[in-house]
> 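What follows is a structure written as structure tokens; I'll ask about it next.
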Amino acid sequence: MREDIERVLIDEVVIEKRLDGMAAAIERDFPPGPLVVIILLKGALVFAADLLRRVARPIGIECLNVASYHGATTSCGKVDFLDRQFPEVRGRHVLLLDDILDTGRTLHAVIERLHEEGATAVRSAVLLAKDKPRAVTVSADYVGFEIGDEFVVGYGLDYLGRYRNLPFIGVLKAAVVARVGGS
Ligand code: XMP
């Protein structure tokens, strides 16, 4: 797996240090009391596990399956909610976790749905945000790192289902993209 990586963009130590800061900001900003955390699967799993262990307050964890990428390196523009039931968020303060803010469509669609479902307040945290214009107007309240507009893998992020368990954020070799998914 490691041999498929062109370069490491953000290493594990740097990520862990940044998560300390994000967790402290989240604890500071949310009113005291329980919090519902919604994790967008599967990309935000690793980020969520490491971030939430740093947040010292009662939290309920829910996961949401949305499809916006369909396995390739470009967004298809449509966001599908794949779960039969939406988590109960009425009257709750919600923290939404996603791996990366790219076009913004995913975060925008999920935040809109959370408000429709009656959440009292919604804040969002992403590990990464691409430095590019968004297709929709949305921003995350907590951003781990701003990165350039390139496709990245690792730390939860995949390419065709692979590389999620790399402990760092990296850029794939062009030859790997051409070989595995370049049809
Ligand atoms: P949007 O465009 O809706 O995208 O903001 C959010 C979702 O798209 C996926 N995504 C990526 N996945 N490397 C990945 O592995 C990337 O560089 C990348 N850019 C977007 C991701 O699932 C994210 O939740």
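For ligands, and for the atoms within them, numbers begin at 1 and follow the listed sequence.
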> With heavy atoms of Thr103 as the reference, note each atom of ligand 1 found under 4.0 Å away.
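In order of numbering, the contacting atoms are 1 (P), 2 (O), 3 (O), 5 (O).
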> Given Asp158, Val79, Leu172, which has its nearest heavy atom closest to atom 15 (O) of ligand 1?
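That would be Asp158.
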> Counting each atom of ligand 1 from 1 as listed, which ones have a heavy atom of Asp98 under 4.0 Å away?
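So the atoms of ligand 1 that pass are 24 (O).
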> What do the steps show when you test Asp29 against Tyr142 for side-chain hydrogen bond (donor to acceptor under 3.5 Å, both in side chains), and what is the final call?
CA-CA 11 Å; Asp29 294 349; Tyr142 310 96; 2.8 Å; yes
> Do Glu62 and Arg92 meet the salt-bridge criterion of a basic N to acidic O distance under 4.0 Å?
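No salt bridge links Arg92 with Glu62.
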> Below a 4.0 angstrom heavy-atom separation, can you tell me which part of Val153, side chain or backbone, both or neither, approaches ligand 1?
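It is neither; nothing of Val153 touches ligand 1.
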> Please name the residue in the list Leu45, Thr106, Asn65 that meets the side-chain contact (heavy atoms from CB on, under 4.5 Å) test with Leu40.
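It is Thr106; the other options fail the test.
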> Under a 4.0 angstrom heavy-atom cut-off, which atoms of ligand 1 come close to Lys130?
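Those of ligand 1 that fall under 4.0 Å from Lys130 are 16 (C), 17 (O), 18 (C), 19 (N).
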> Any ion pair linking Asp102 and Lys132 (charged N to carboxylate O, less than 4.0 Å)?
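Yes, this pair counts.
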> Do Arg57's NZ or CZ and the ring of Phe30 fall within the cation-pi criteria of under 6.0 Å and 45°?
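Here Arg57 fails the 6.0 Å and 45° test against Phe30.
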> Take every heavy atom of Glu150, measure it against each atom of ligand 1, and state whether any distance is under 4.0 Å.
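Glu150: in contact with ligand 1 (<4.0 Å).
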> Could you tell me if any non-hydrogen atom of Gly104 lies under 4.0 Å from any atom of ligand 1?
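In this structure, Gly104 qualifies as a contact of ligand 1 - some heavy atom is under 4.0 Å.
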> Does any N/O atom on Leu157 come nearer than 3.5 Å to any N/O atom on ligand 1?
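No, Leu157 has no N/O under 3.5 Å of an N/O on ligand 1.
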> So is there a nitrogen or oxygen of Tyr159 less than 3.5 Å from a nitrogen or oxygen in ligand 1?
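No, since none of the N or O atoms of Tyr159 sits under 3.5 Å from an N or O of ligand 1.
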> Test your reading of the structure: does Val152 have an N or O sitting under 3.5 Å from an N or O of ligand 1?
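Yes, Val152 has an N/O under 3.5 Å of an N/O on ligand 1.
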